[in-house]
Protein chains: 2
Amino acid sequence: MPDFAIGVDMGGTNLRVAAVSVDGRLLEKINLNTNLSVRPDDLVDAMCDAIQRLTKQRRDAGNLLGAGFGIAGIIDLEAGVVRKSANMPSWCNYPVREAIEHRLGTRIFLENDAKVHALGEQWLGAARGANEMALLTLGTGIGGAIVLDGKIFHGLHGMAGEFGHVTIEPEGVPCGCGNRGCAERYASATAVVRMAREAIASGQASELAKAAATAPEFSAKLVYDLAVQGDEPARRIFRSFGRALGILLADIVNVLNLKMYVIGGGVASAWDAFAPTMFQELRQRSIIYAASAPDEMAGSLEGAATNTVNRTLQKTIITRAVLGSDAGLYGAAKLSMGCTSPR
Amino acid sequence: MPDFAIGVDMGGTNLRVAAVSVDGRLLEKINLNTNLSVRPDDLVDAMCDAIQRLTKQRRDAGNLLGAGFGIAGIIDLEAGVVRKSANMPSWCNYPVREAIEHRLGTRIFLENDAKVHALGEQWLGAARGANEMALLTLGTGIGGAIVLDGKIFHGLHGMAGEFGHVTIEPEGVPCGCGNRGCAERYASATAVVRMAREAIASGQASELAKAAATAPEFSAKLVYDLAVQGDEPARRIFRSFGRALGILLADIVNVLNLKMYVIGGGVASAWDAFAPTMFQELRQRSIIYAASAPDEMAGSLEGAATNTVNRTLQKTIITRAVLGSDAGLYGAAKLSMGCTSPR
């Protein structure tokens, strides 16, 4: 039986722990229905219990290589401390590595959750084989990660890939970060709900108004369902979403010129509603993308220079994530399998 | 005497060739007053003659390690071919590496000119010792380069660092690339002249109008001189320039989170006119920058979270290039000194 590692996904809505084999099979997964607002020490206790149970059951099958943790928030990788977490406010400055290593008696690996998602997709998902890629996760906000030479690129403070706060509209919607017009104000679940509320307030979106009045919770999913049914105000919201995401992607392509860009997160499932305007903006706003887009995308390109280059260039791929929420478990486990990330 | 390499800067207004020692001294520099519009083969002949003269004179002093070429344009590094050069249109698809290697009888190294500038500043200039940095050159347009781990980061097509075409104003000024609102439409010499012409046309800029009517050539330098003299319309143009550059830098910081960003090119000499608004935008639009700005810049920061983080974070440095136009010669020579760039 192959060796395995533990991957932990913490900071989403639930805490999940999995055993993943070195050949990329998810051997077992535990969903701890733990409230993330309990004291950090108690959460770590519960988590370590689960890890030890999983490990004991598997020990005959292969060696435990280590444990990796994907945590939503700003992680000080050097100190092993959570600096800030929107979902887990009580974890501010909590020395999580020390707390876990103390209980498990083994060295562990920490990483931001979007970055382990990227690692998962790069190892076993949409970006398999692409050593240079970026991931954008579209959820409440926009998470991001850059993988270079098969490894997470952290930057000076571990903050590289903060795509959600790239400015899309300089005088646009204020953002909690202090900026205006951040990408995540236009291309996230939160943004869809904001745009829907604005459409309702304008009095021009009767179906959206009806849905908002009757649904127990007004969500991006609800707006998407209406868009799929052909409701024009709902469709317009996703076109606007696609435009913003296209501007963001064009900026990222112009800066990084990577092989592959993977779009994940809950709102990525609205792909068919936002992708057309996304690709349209991308082609217009990044000459690098336009010249290297896959043929079905480059069909409308004009200009001899572009076409000449196009024939010889490797393709730039923009695609959907395929591993869903398990990407974080795979990526976290991969952290401790070596060669993928600094401690 | 130390070994040396040849660095060539081609594609600016002049063709320049230099011998640079491995310890970073510019031993000799030849400025070939060659018209860049002559046939590529003739230009290569003149250039190779100059290189051979330089090499012969130096041969007793140390070994020639190789020759590196910084070329303005899109270079196919794999094929050794210039794909496109705005300054040298006749070089389109010219097999420059083969042409030079054939004449010199030695292996040579090609690179885009902004990228050798970056390498020069990273080796001997403003970014000395910063292994992770980006360069922005403000000239007719905006050139860019990213250095990671002391090496040029090329991306898939050698186009990483195309900062000039990051979108600043989604519905802004049309750009030759097909996009609207590209950074270089707002923060380049061309942009300064455009804004000055618009100010004159509005009838609200009498000093600019006077200068435009009398000067033999209306340039960004002229607008800068008026700004220094306190002319409000001219000052406003550089504030607008600084705002756009600040938005661009904030986007780059949010994506890359590097240690250092160096601003070079001719218009960088207007630093005092655009830097205040540049830093103001940066602080507002990049929480990473705001939290890690040097103290004199971070003085006005508020908020406990930011201050807490600020104490422990390494500083993010935004600074001016120091090597001027010689940066390209140093960087091109460095190309052939090993470990800096792929062939």
Side-chain angles (χ1 to χ4, degrees), chain A residues 74 76 79 83-84 92-93 132 134 144 146 148 153-170 177-182 243-244 247 250-260 281 283-288 290-292 303 305-306 308-309 312-316, chain B residues 74 76 79 83-84 92-93 132 134 144 146 148 153-170 177-182 243-244 247 250-260 281 283-288 290-292 303 305-306 308-309 312-316:
Chain A
I74 299 174
D76 183 335
R83 289 293 172 213
K84 205 176 171 182
C92 178
N93 291 320
E132 325 270 328
I146 300 168
L148 299 181
F153 175 70
H154 287 99
L156 186 62
H157 311 106
M159 298 293 285
E162 193 72 354
F163 304 136
H165 298 284
V166 166
T167 301
I168 299 298
E169 296 280 0
C177 76
N179 189 12
R180 298 187 81 94
C182 286
R243 174 177 177 273
I247 295 173
D251 287 352
I252 300 173
V253 172
N254 286 334
V255 170
L256 291 172
N257 186 206
L258 302 176
K259 171 79 194 148
M260 186 173 263
E281 293 291 325
R283 280 193 300 273
Q284 187 204 325
R285 298 189 187 272
S286 171
I287 202 167
I288 305 166
S292 64
T306 310
T308 312
V309 177
T312 59
L313 288 182
Q314 282 196 66
K315 300 303 174 204
T316 300
Chain B
I74 299 175
D76 183 334
R83 289 291 172 214
K84 204 176 173 183
C92 179
N93 291 320
E132 324 269 328
I146 301 169
L148 299 181
F153 175 69
H154 287 99
L156 185 62
H157 312 104
M159 298 294 285
E162 192 72 356
F163 303 137
H165 298 284
V166 166
T167 301
I168 299 299
E169 296 281 358
C177 76
N179 189 11
R180 298 187 81 95
C182 286
R243 173 178 177 274
I247 295 173
D251 287 351
I252 300 173
V253 172
N254 286 336
V255 170
L256 291 172
N257 186 206
L258 302 176
K259 170 79 193 151
M260 186 172 266
E281 291 292 324
R283 280 193 299 274
Q284 187 204 325
R285 297 188 188 275
S286 171
I287 202 167
I288 305 167
S292 64
T306 310
T308 312
V309 176
T312 59
L313 287 184
Q314 283 195 68
K315 299 303 175 203
T316 301

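Protein chains get the first letters and strands the later ones, always in sequence-line order, with residue 1 at the start of each. Since the structure is predicted, the reported quantities are computational estimates derived from the model, not experimental observations.
Of the atoms belonging to B:Glu132, it is side-chain heavy atoms, and not backbone ones, that fall under 4.5 Å from chain A. At a 4.5 Å heavy-atom cutoff, the contact between B:Arg243 and chain A is made by side-chain atoms alone. With a 4.5 Å cut-off on non-hydrogen atoms, B:Ile74 does not touch chain A at all.
Once rounded to the nearest 0.5 Å, the distance linking CD of A:Glu281 with CD1 of A:Ile168 reads 10.0 Å.
Nearest heavy-atom pair, B:Gly161 versus B:Ile146, reported as atom, atom and distance to 0.1 Å: N-CD1, 3.9 Å. Closest heavy-atom contact between A:Thr316 and A:Ser292: OG1-OG, 2.6 Å.
Options B:Ala134, B:Gly155, B:Cys182 differ in how many heavy-atom pairs under 4.5 Å they form with chain A, and the most are formed by B:Gly155. Note: B:Pro170 leads B:Pro170, B:Cys177, B:Ala79, B:Gly181 in heavy-atom pairs under 4.5 Å with chain A.
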Only pairs under 3.5 Å count here: list side-chain donor-acceptor contacts from residues 250-259 of chain B, not counting sequence neighbours, and write none if there are none.
| from | atom 1 | to | atom 2 | distance (Å) |
| --- | --- | --- | --- | --- |
| B:Asp251 | OD1 | A:Thr167 | N | 2.9 |
| B:Asn254 | OD1 | B:Ser286 | OG | 3.0 |
| B:Asn254 | ND2 | A:His165 | O | 3.0 |
| B:Asn254 | ND2 | B:Ala250 | O | 3.2 |
| B:Asn254 | ND2 | B:Arg285 | O | 3.2 |
| B:Asn257 | OD1 | A:Leu156 | N | 3.4 |
| B:Asn257 | OD1 | A:His157 | N | 2.8 |
| B:Asn257 | OD1 | A:Gly158 | N | 3.4 |
| B:Asn257 | OD1 | A:Met159 | N | 2.9 |
| B:Asn257 | ND2 | A:His157 | ND1 | 3.0 |
| B:Lys259 | NZ | B:Lys315 | O | 2.9 |

### Task
Kindly indicate, with the supporting measurements, whether the criterion side chain to side chain contact (heavy atoms under 4.5 Å, CB included) is fulfilled by A:Glu169 and B:Glu169.
CA-CA 7 Å; A:Glu169 296 280 0; B:Glu169 296 281 358; 5.9 Å; no

